[in-house]
Peer 1: 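This structure is in structure tokens; I'll ask about it shortly.
Computation of the quantities below employed the complete heavy-atom set of this structure, encompassing side-chain atoms and omitting hydrogens, waters and symmetry-equivalent molecules. Convention: sequence-line order gives letters A, B, ...; per-chain numbering from 1.
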Amino acid sequence: MAEYILVAVAWPYANSEIHVGNLTGSYLPADIFTRYHRLKGNQVIMVSGSDSHGTPVTVRADAEGTTPYAVYQKYHHSFIELFQKAGLAYDLFTSTHTDNHFRVSQAIFLALQKNGYLYTQKEKQWFSKSQNRFLPDRYVEGTCYICGYENARGDQCDGCGNLLDATQLINPRSKIDGSVPELKETEHFYLDLGKLQPQIVAFLEARQSYWRPNVLRQSLGQIQAEKLHGRPITRDLDWGIPVPIEGWEGKCLYVWFEAVIGYLSAAIEWSQLNGDPDAWQMWWFNPNAKGYYFIGKDNIPFHAVIWPGQLIGAGEWFGKLFAGIDNKLLTLPYDVPANEFMNLEGKKISGSRNWAVWGHDFLSRYDPDPLRYYLTANMPENRDSDWDWQDFLQRNNNELVATWGNLANRVLSFAFRNWAGRVPQPNELRPLDHQILAKVEDGFRSVGENIEAVHLRTALQEGMALASEVNRYLDETAPWFEIKKDKEAAATSIYTALRAIDSIKTLLAPFLPFSAETLHKYLGYNNPLFGEQTTQAVADRLGEHRVLRYDSHSASGKWSPSRLMPGQLLKEPAPLFRKLDEKIVEEERSRLGG
RNA sequence: UGCGGGGUGGAGCAGUGGCAGCUCGUUGGGCUCAUAACCCAAAGGUCAGUGGUUCGAAUCCACUCCCCGCUACCA
């Protein structure tokens with residue numbers, strides 16, 4: 001009775017690098033959750049990709065004198081490289097710039113239209129003659145018609161703080177090239193969220209007993225306070241997915257509308273790449289499948305309100321239009337365990353001011369597991385948290401190294417040295433031994449329950465607490481003392497301790513996959529716990545996109561207690577983690593804001 | 001101003017009606033297998049303030065004082 005679980009992870013926008021806030025907000029919790037379910041033997045797929053379209057990408061391309069395609073490719077490849085280094089093992093990390101995604105998105109659009117949830121509306125927008133394109137409100141500056149402030153932006157005035165109607169700006173100019181734009185009429189499609197509101201509310205109410213309060217506040221709470229209204233889902237732009245309607249050439253689907261559809265299209269692409277093209281239906285046409293959406297708090301309305309609205313609105317027409325299948329509804333999200341934000345040294349992370357700890361930069365000096373440990377221990381599950389270098393150092397040295405790394409090292413090295421590199425043969429286990437093993441083995445229940453509820457901080461804490469228990473056990477049995485007078489007693493203690501750390505290894509593996517794998521080898525196992533991350537280039541009519549995949553063939557890990565065999569050949573151990581020097585705190589702080 | 005979050009021992013947090021807990025740090029002791037790691041013990045809080053509800057409040061209500069977000073395609 002394996003469960004079908006879809007792990008849907010936020011799509012990084014392809015115009016900037018990834019920092020620790022992004023990692024702890026969505027990518028890391030998703031990976032931990034997914035690794036756990038893999039060990040557990042569930043049918044889990046973790047999908048995401050680069051959000052490739054939209055105006056910011058085109059603006060950046062213009063500024064750098066290159067193409068939007070090149071900009072997106074550059075960041076996309078950087079993401080894939082980072083995810084490999086950080087051990088973020090997506091079943092598929094693709095992109096929105098694929099033929100498959102275009103077709104899926106257009107099918108969703110058409111299904112919504114068939115069901116009567118789209119309407120069109122004409123409006124005036126600023127148009128840049130020099131660039132021959134419409135300007136998003138953000139990219140128009142002018143004098144505020146309320147307070148007279150001269151550098152007001154189209155959407156909001158920084159002088160008086162009022163939200164503005166961009167078309168009323170006085171002396172408008174393009175923020176991109178300074179030219180004077182003119183008002184021009186344009187027509188767009190709107191998603192009729194007002195009409196979908198009753199179904200969206202019902203969807204949310206059915207889930208409010210177990211959703212996080214921060215997510216409910218910004219979805220159900222928001223709707224109750226102010227009604228939903230239609231949102232434009234197309235734009236005058238050529239870098240994106242064309243509106244699949246005749247006469248609408250030169251217009252594209254708005255990125256917020258099509259990027260979320262990636263959760264569906266990526267599952268479909270994953271199936272195709274696996275040579276089992278209908279497999280996605282086990283997640284998407286299966287009412288018992290559970291979809292978990294790992295995102296940051298900025299994305300809550302899109303995932304908890306609008307995306308369910310899109311799925312509900314597409315209804316059975318999606319299956320019909322896309323796959324010729326009747327009477328199938330798309331599976332709605334089961335949970336949206338959105339995280340809050342992580343600040344940095346007390347201030348909000350800001351990429352443009354370099355107030356950030358960048359993923360690539362961090363991993364050029366430190367290992368991935370300490371990063372994953374700190375980001376999990378400090379994950380903003382309930383409220384904003386803070387990355388503090390002093391705190392990072394202390395948690396690394398006093399918790400990860402001292403409690404867990406040292407435990408593994410002291411047990412392994414003692415065993416290796418005194419029993420000729422093999423797991424010692426124990427006597428019959430004593431009550432003390434049974435006790436510690438029972439305690440550790442109960443972790444498969446308690447840590448598992450916490451991970452399933454996406455309480456990852458607590459789950460990690462419980463795993464670490466078990467490591468402390470084993471340290472205590474060693475202090476009581478004192479095998480270094482036993483061995484002097486009764487080697488068999490020492491063998492029993494060390495065997496018990498080895499079995500305990502073997503189990504804890506598995507309990508911590510979702511969080512610390514690299515060191516778990518190393519420890520797994522030291523314990524003498526030949527097959528790895530997890531599969532491999534691989535990349536591959538996929539060609540279609542839009543060009544080529546590189547994808548990151550997960551190959552589970554070699555994986556042998558199981559979410560179950562150790563059954564370590566006496567006599568098993570150990571490998572010569574070495575410490576799992578490095579202790580860090582106090583001086584890195586100042587070094588790292590001085591890099592910030594530079 | 002509007003909306004939202006938060007103020008708990010030195011630090012970071014848990015705790016939504018019933019003797020105030022956890023991790024780290026500090027101090028003292030133990031051990032010596034281990035990356036000066038590990039184990040034990042102790043000190044340390046009028047749970048922001050005031051008033052109220054209650055047999056009983058960190059926990060509910062009212063008011064006050066601070067801090068921080070959001071209202072920006074900056075995650």
Peer 1: Counting only side-chain N and O atoms of A:Lys579, is one of them less than 4.0 Å from OP1 or OP2 of B:A37?
Peer 2: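 So the side chain of A:Lys579 is within the cut-off, an N or O lying under 4.0 Å from OP1 or OP2 of B:A37.
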Peer 1: Applying a 3.5 Å limit to both distances, which nucleotide forms a Watson-Crick or G-U wobble pair with B:A42?
Peer 2: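 B:A42 is paired, partner B:U26.
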Peer 1: Tell me whether the guanidinium CZ or amine NZ of A:Arg231 lies under 6.0 angstrom from the six-membered ring centre of A:Trp256 and within 45° of its axis.
Peer 2: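 Positive - A:Arg231 is close enough to the ring of A:Trp256 and near enough to its axis.
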Peer 1: When the P atoms of B:C47 and B:G9 are compared, how many Å lie between them, rounded to an integer?
Peer 2: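 Looking at atom P only, B:G9 and B:C47 are 9 Å apart.
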Peer 1: Tell me which nucleotide among B:C39, B:C38, B:G6 gets nearest to the side chain of A:Ser468.
Peer 2: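 Among B:C39, B:C38, B:G6, the one nearest the side chain of A:Ser468 is B:C39.
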Peer 1: Can you pull every protein N or O that's under 3.5 Å from an N or O on nucleotides 25-27 of chain B?
Peer 2:
from  : atom 1 : to       : atom 2 : distance (Å)
B:G25 : OP1    : A:Asn398 : ND2    : 3.2

Peer 1: Less than 4.0 angstrom between a side-chain N/O of A:Arg417 and OP1 or OP2 of B:A34, yes or no?
Peer 2: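 Yes.
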Peer 1: Please state the C1' separation for the pair B:C33 and B:G25 - nearest whole angstrom.
Peer 2: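 My reading of the C1' atoms in B:C33 and B:G25 gives 26 Å.
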Peer 1: Using the C1' atom in both, what is the distance from B:G28 to B:A43, to the nearest Å?
Peer 2: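 About 10 Å, rounded to a whole number of Å.
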Peer 1: Are more than 12 heavy atoms, taken from residues, nucleotides or ligands other than A:Glu64, located less than 6.0 Å from that residue's CD atom?
Peer 2: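 Yes - once you tally the heavy atoms of other residues, nucleotides and ligands closer than 6.0 Å, there are more than 12.
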Peer 1: Given B:C73, B:U35, B:C33, which nucleotide is nearest the side-chain atoms of A:Val401?
Peer 2: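 Taking heavy atoms from C-beta onward, the closest nucleotide is B:U35.
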Peer 1: Please report the distance separating the C1' of B:G21 from the corresponding atom of B:C61, rounded so that it comes out in whole Å.
Peer 2: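 One C1' to the other, the span is 26 Å.
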Peer 1: Calculate the interatomic distance between A:Leu460 atom CG and B:C22 atom C1'; express it in whole Å.
Peer 2: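 So the two atoms are 14 Å apart, to the nearest Å.
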Peer 1: Please report the distance separating the P of B:C65 from the corresponding atom of B:U27, rounded so that it comes out in whole Å.
Peer 2: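 Straight-line distance between the two P atoms is 41 Å.
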Peer 1: At under 4.0 Å, does any side-chain N or O of A:Arg472 touch on OP1 or OP2 of B:C40?
Peer 2: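 Result: yes.
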Peer 1: Using the P atoms only, state how far B:A48 lies from B:A20, rounded to an integer number of Å.
Peer 2: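 It comes out at 15 Å once rounded to the nearest Å.
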Peer 1: Within the stacking criterion (centroid distance below 5.5 Å, interplanar angle below 30°), does A:Phe414 stack on B:C33?
Peer 2: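 No; centroid distance or tilt outside limits.
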Peer 1: With under 30° as parallel and over 60° as perpendicular, where do the rings of A:Phe83 and A:Tyr90 fit, or are they tilted in between?
Peer 2: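 A:Phe83 vs A:Tyr90 ring planes: tilted.
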Peer 1: Using a 4.0 Å heavy-atom cut-off across all strands, classify A:Pro56 as base, sugar-phosphate, or nothing.
Peer 2: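 Base: the residue A:Pro56, judged by heavy atoms under 4.0 Å, touches a nucleobase.
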Peer 1: Rounded to whole angstrom, note down the C1' distance from B:U26 over to B:G10.
Peer 2: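 It works out to 8 Å between them.
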Peer 1: Counting any heavy atom closer than 4.0 Å, what does A:Asn382 reach on the DNA or RNA strands: base, sugar-phosphate only, or nothing?
Peer 2: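 Answer is sugar-phosphate: A:Asn382 comes under 4.0 Å of backbone atoms only.
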Peer 1: Taking CG from A:Asp369 and C1' from B:U35, how many angstroms apart are they, rounded to a whole number?
Peer 2: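 After rounding, the reported distance stands at 16 Å.
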Peer 1: In whole angstroms, how far is the C1' atom of B:C39 from the CZ atom of A:Arg410?
Peer 2: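 For the pair A:Arg410 CZ and B:C39 C1', the rounded distance is 8 Å.
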Peer 1: When both hydrogen-bonding distances must be under 3.5 Å and the geometry is Watson-Crick or G-U wobble, what is B:G2 paired with, if anything?
Peer 2: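 The base-pairing partner of B:G2, which may sit in any strand shown, is B:C70.
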Peer 1: Just the rounded figure in Å: distance from P of B:A75 to CZ of A:Phe79.
Peer 2: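 After rounding, the reported distance stands at 10 Å.
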Peer 1: Under 3.5 Å, is there a donor on one side chain and an acceptor on the other for A:Asp369 and A:Ser515?
Peer 2: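 Present: a donor and an acceptor within the cut-off.
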Peer 1: Is the closest side-chain donor-acceptor distance between A:Glu17 and A:Ser78 under 3.5 Å?
Peer 2: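 There is such a pair (donor and acceptor under 3.5 Å, judged by atom type) between the side chains of A:Glu17 and A:Ser78.
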Peer 1: Once you apply the 3.5 Å cut-off to both distances, tell me the Watson-Crick or G-U wobble partner of B:U32, or none.
Peer 2: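 When the pairing criteria are applied, nothing turns out to pair with B:U32, so the answer is none.
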Peer 1: Assess A:Arg372 against A:Phe511: is NZ or CZ under 6.0 Å from the centre of the six-membered ring, and within 45 degrees of the ring's axis?
Peer 2: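 The answer is no, since A:Arg372 fails at least one limit relative to A:Phe511.
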Peer 1: Can you tell me how far P in B:C63 sits from the matching atom in B:C19, rounded to whole Å?
Peer 2: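 After rounding to an integer number of Å, I get 29 Å for this pair.
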Peer 1: Taking atom CG of A:Asp238 as the centre, report whether more than 12 heavy atoms of other residues, nucleotides or ligands fall under 6.0 Å from it.
Peer 2: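 No, because the 6.0 Å sphere around CG of A:Asp238 holds 12 heavy atoms or fewer from other groups.
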Peer 1: Select base, sugar-phosphate, or nothing to describe what A:Phe481 touches, counting heavy atoms under 4.0 Å on all strands.
Peer 2: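 Nothing, no heavy atom under 4.0 Å.
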Peer 1: Which nucleotide, B:G4, B:C38, B:U32, lies nearest any side-chain atom of A:Trp480?
Peer 2: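 The listed nucleotide nearest to A:Trp480's side chain is B:U32.
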Peer 1: Evaluate the ring planes of A:Trp389 and A:Tyr366, with Trp represented by its six-membered ring, and classify them as parallel (under 30°), tilted (30 to 60°) or perpendicular (over 60°).
Peer 2: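 Because their plane-to-plane angle lies in the 30° to 60° range, the rings of A:Trp389 and A:Tyr366 count as tilted.
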Peer 1: Select base, sugar-phosphate, or nothing to describe what A:Ser385 touches, counting heavy atoms under 4.0 Å on all strands.
Peer 2: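 Here A:Ser385 touches no strand at all.
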Peer 1: Evaluate whether atom CZ of A:Phe416 has more than 12 neighbouring non-hydrogen atoms of other residues, nucleotides or ligands under 6.0 angstrom away.
Peer 2: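 For A:Phe416, atom CZ is crowded (more than 12 foreign heavy atoms under 6.0 Å).
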Peer 1: Can you tell me which nucleotide in B:C24, B:A75, B:C33 comes closest to the side chain of A:Asp298?
Peer 2: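 Of the candidates, B:A75 comes closest.
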Peer 1: Look at the aromatic rings of A:Phe93 and A:His76 and report parallel, tilted or perpendicular, splitting at 30° and 60°.
Peer 2: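 Ring orientation, 0 to 90° scale: parallel.
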Peer 1: From the set B:C73, B:A34, B:A75, return the single nucleotide nearest to any side-chain atom of A:Asn22.
Peer 2: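 When the side chain of A:Asn22 is considered, B:A75 is the closest of B:C73, B:A34, B:A75.
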Peer 1: Taking atom types as they are modelled, is there a donor-acceptor pair under 3.5 Å from the base of B:A34 to the side chain of A:Asn406?
Peer 2: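 Looking at the base of B:A34, it does pair with a donor or acceptor on the side chain of A:Asn406 (distance under 3.5 Å).
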Peer 1: Quick one: A:Met464 CE to B:C22 P, roughly how many Å, whole number?
Peer 2: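 Result: 17 Å.
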Peer 1: What is the nucleic acid contact for A:Gln461, judged by heavy atoms within less than 4.0 Å: base, sugar-phosphate only, or nothing?
Peer 2: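 Nothing, no heavy atom under 4.0 Å.
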Peer 1: Name the closest nucleotide to the A:Pro575 side chain, picking from B:A75, B:U35, B:C38.
Peer 2: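 Comparing B:A75, B:U35, B:C38 against the side chain of A:Pro575, the answer is B:U35.
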Peer 1: Rounded to whole angstrom units, what separation is found between the CZ atom of A:Phe341 and the P atom of B:G4?
Peer 2: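 It is 19 Å, rounded to the nearest whole Å.
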Peer 1: Heavy atoms under 4.0 Å, any strand shown: does A:Met342 hit a base, just sugar-phosphate, or nothing?
Peer 2: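 Base, at least one base atom sits under 4.0 Å.
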Peer 1: Would you kindly give the CH2-to-P distance between A:Trp358 and B:A75, to the nearest whole Å?
Peer 2: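 Result: 7 Å.
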Peer 1: Any base atoms under 4.0 Å from A:Leu474, or only sugar-phosphate, or nothing? Heavy atoms, all strands.
Peer 2: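 A:Leu474: no heavy atom of the nucleic acid under 4.0 Å.
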Peer 1: Write down the distance between CG (A:Leu576) and P (B:U35), rounded to a whole number of angstrom.
Peer 2: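 It is 12 Å, rounded to the nearest whole Å.
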